[in-house]
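Scroll down for the structure; my scribbles are underneath it.
Because the structure is a prediction, the values reported are computed rather than measured.
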Amino acid sequence: MPILADKISTAARGLGILMGATGVGAPLRALTLAAKTGVKGLGRWVAFACAASASACVFFRSRHFFWLSARTPDAAGYSMMLQMACSNNLGPDHGSRQLRGRVMSVYSMMFMGMAPIGAFFGGALAHRLGAPFTVAVGGVPASWEQSGSAARFPNCASKPAA
């Protein structure tokens, strides 16, 4: 985020606003999920959240005005947190009771283990191509993955709990 704030020509105050904008979506996400009474339909929410997050990454790259750019991390933060929370709820619900702990441990290991690898490759790409372009390029495969997952698992949350 610091290099992106530098590209928009903001000082430390602007960086603070951009960093804080990602956290604005968290209370909204909490209220969104609090209104949900079950897991039915969460698969569509995951697909929506992935598409919104990927779009926010691409849209953030195209903005050169600070206040427009400050709204994009808000949407990205909301959609990323919504996707993670919905996935956390769907994982245990789709496995048998005997395997729920294993399913969540593999999910947690992949979630936490892949972040440093992605950060490494993102940093290497940003070094070569620039940070704003790398953020936009990162949104494209995310949107491909989202559309592929939505096509393969259109009703992933329709299975009743075991």
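- Residues Cys86 and Val46 approach most closely at CB-CG2, 3.4 Å, considering heavy atoms.
- Taking both residues in full, the closest heavy atoms of Met84 and Tyr107 are given as O-OH, 3.9 Å, listed atom of the first, atom of the second, then distance.
- Clustering ILVMFWY residues whenever any of their side-chain heavy atoms sit less than 4.5 angstrom apart, transitively, puts Val106 in the very cluster that holds Ile117.
- Put simply, Met112 and Phe121 are part of two different groups of oily side chains (I, L, V, M, F, W, Y) that touch within less than 4.5 Å, one to the next.
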Derivation and outcome, side-chain contact (heavy atoms from CB on, under 4.5 Å), residues Gln83 and Phe48: CA-CA 8 Å; Gln83 184 273 330; Phe48 162 76; over 6 Å; no
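- Under the 4.5 Å side-chain contact rule for hydrophobic residues, Met81 and Met114 do not share a cluster.
- Under a hydrophobic clustering in which Ile, Leu, Val, Met, Phe, Trp and Tyr are joined whenever their side-chain heavy atoms come within less than 4.5 Å, directly or via other members, Phe133 and Leu125 fall into the same cluster.
- A distance of 3.0 Å separates OH of Tyr78 from OG1 of Thr32, quoted to the nearest 0.5 Å.
- Taking each heavy atom of Pro116 and Gly113 in turn, the nearest pair found is CD-O, 3.4 Å.
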Working for side-chain contact (heavy atoms from CB on, under 4.5 Å), residues Arg100 and Val103: CA-CA 5 Å; Arg100 285 184 184 172; Val103 167; 5.6 Å; no
